[in-house]
Amino acid sequence: MTVPADHIVDEFRAALDHNAVLTGGDADPFLFDPRNLRTADDAVVVRPADTAGVAATVRICATHNVAIVPQGGNTGLSFGTESPTDRPSIVLSLARLNQIESVDPDRSTITAQAGVTIEAVQNAAKAVNRVFAPDWGARGTASIGGGIATDAGGNNVVRYGNMRDNVMGIEAVLADGTIWDGRRALVKDSSGYDLKHLFIGGEGTLGIVTSAVLKLRPATPYETSLLAAITGLDALAPLLDLAQQHAPGTVTAFELMPLVAIDRVVNVFDVVKPLDADTEYFALVKLASSNPIDGQIAAFLEAGAEASLIVDAAVAGTPEQEANLWAIRDHIPPTSAYIEHQHHGLKLDTAVPVDKVKEFVQSVLDAAAKIAPMALAYGFGHVGDGNLHMMILPITDEAVEPWLEVRDAITTEIDRRVFELDGTLSAEHGVGLLLRDRIGPQKPDIEWEMMRTVKRALDPQNLFNPGKLIPLVG
Ligand code: MLT
Ligand code: ZN
């Protein structure tokens, strides 16, 4: 029995409004992840409309020892919203906490509830001539709460950092139902432990983030993206260096796009191939500033060509061309590019120190060629901050069976290489269940033990998202 008993469900109904509790078939839409894989056979979904409702829900769960699996926009990729199978649990959806509570241009902050989408905050920031920097393909669905839970990153991290660098304060409901309001908007504060950082990247294991003060950046009305056909992986680091030299302070995104991925997107989606070059790799670069940057972009491209790093480049000259470049990028993740057997494959969210990117990509490609020659291997993503999404996928019917035989071996080999390079298996998607049992060797035992100690202290009943991120607390 993994759903709470009826009398507990009645308590949720009594404490919350009539829209708040979904059971049976009504709960079903909440029980699939973005790959359409089921996260629970059956569940009770509780959807409070405000922080007080979240607190009431947590109190009921604490009384009856019912586990809580928080859910934001449900775009996560690390099985962070799977329901436990060994104890009663609820899915706690934050989707109805969808209010932007205040927009404060004088402080350059927005305070938003957990269920507000990334895109809604971006738009609210734009309306006051500011930028909310976190941005990734699922921006229209992914929520502030989910982004905080996984310390999500995306395309602009090279300039503005992960979610962690864009959150100034949070409100959270703790394990006994206490509401902690830590929504301070202080640029500096050295008054002790910065507790919000335990919850950012905490994957809902320590408490439920209900609202956050988000940091805004100055507007950058002059924005240009370009796609450069590059001579190879060796060109990446010097090219980023050239961009920083010729257009200092403007490099907002620096993404690796392999030809094989671009071609797949162009074949499936209504996008235009911006460049006919047939180099194996492309760099998608976004430069943004409060001042005109055309001259800097021209100088950067010229220097890149002179140094034999760039073969050809397409610079977006219109908003449509700009949107086209980013549509190609957004569609690269194969969940949306309709690769039939992708769910059997490996998709990595690894990061390595930026000077090791080339070595890492090449070594994964080499390992794949050796161990899994039947699979298609390529890497794309946030090369400017060291976070590469390597894909190793069986793409034909015949490849699936032999692939499944070597999947564990190639996974172990890649993990070993990540650890060898002092990298991480999870840079922005979180650990969830997907990586929980692989990530151990990445940190010394004492770090995991400190995490367990924090978990035990803040959630002694192990109510919050049990089994995720760190092994179950004993
Ligand atoms: C991306 O970089 O596109 C996002 O992390 C999403 C993904 O990898 O699927
Ligand atoms: Zn990414």
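Not measured: the values here are computed from a predicted model. Just follow the structure's listing: the first ligand is 1, and inside any ligand the first atom is 1.
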Go through the side-chain N and O atoms of Glu320 and Asn324 and say whether any donor and acceptor fall under 3.5 Å apart. no
Show the numbers, then the answer: is there a side-chain contact (heavy atoms from CB on, under 4.5 Å) between Leu346 and Met391? CA-CA 6 Å; Leu346 274 188; Met391 314 289 309; over 6 Å; no
Between Glu171, Gln99, Gln113, Glu101, which is the residue that forms a side chain to side chain donor-acceptor pair (under 3.5 Å) with Ser211? Glu101
Given Thr220, Thr252, Leu226, the one that forms side-chain contact (heavy atoms from CB on, under 4.5 Å) with Leu287: Leu226
At a threshold of 2.8 Å, where the distance has to be below it, does the Zn ion (ligand 2) have an N, O or S atom of His429 nearby? no
Hey, which atoms in ligand 1 end up nearer than 4.0 Å to a heavy atom of His382? 2 (O)
Can any side-chain N or O of Gln442 pair as donor or acceptor with the backbone N or O of Leu425 at less than 3.5 Å? yes
Got an N/O contact under 3.5 Å between Asn155 and ligand 1? no
Which atoms of ligand 1 have any heavy atom of Lys347 under 4.0 Å away? 7 (C), 8 (O), 9 (O)
State whether Asp349 contributes an N/O/S atom found under 2.8 Å from the Zn ion (ligand 2). no
Have a look at His331, Glu428, Arg329 and point out the one with the heavy atom closest to atom 2 (O) of ligand 1. Arg329
Does NZ or CZ of Arg159 fall inside the cone over Phe254's six-membered ring, less than 6.0 Å from its centre and within 45° of the axis? no
Minimum-distance atom from the Zn ion (ligand 2) among N, O or S atoms of His389: NE2
Of all protein heavy atoms, the one nearest atom 4 (C) of ligand 1 is His429 NE2, 3.8 Å
Determine which of the N, O or S atoms in Glu428 is closest to the Zn ion (ligand 2) and give its atom name. OE2
At under 4.0 Å between heavy atoms, is it the side chain or the backbone of Ile332 that contacts ligand 1, or both, or neither? neither
Mind checking whether Phe269 and His331 have parallel, tilted or perpendicular rings, split at 30° and 60°? parallel
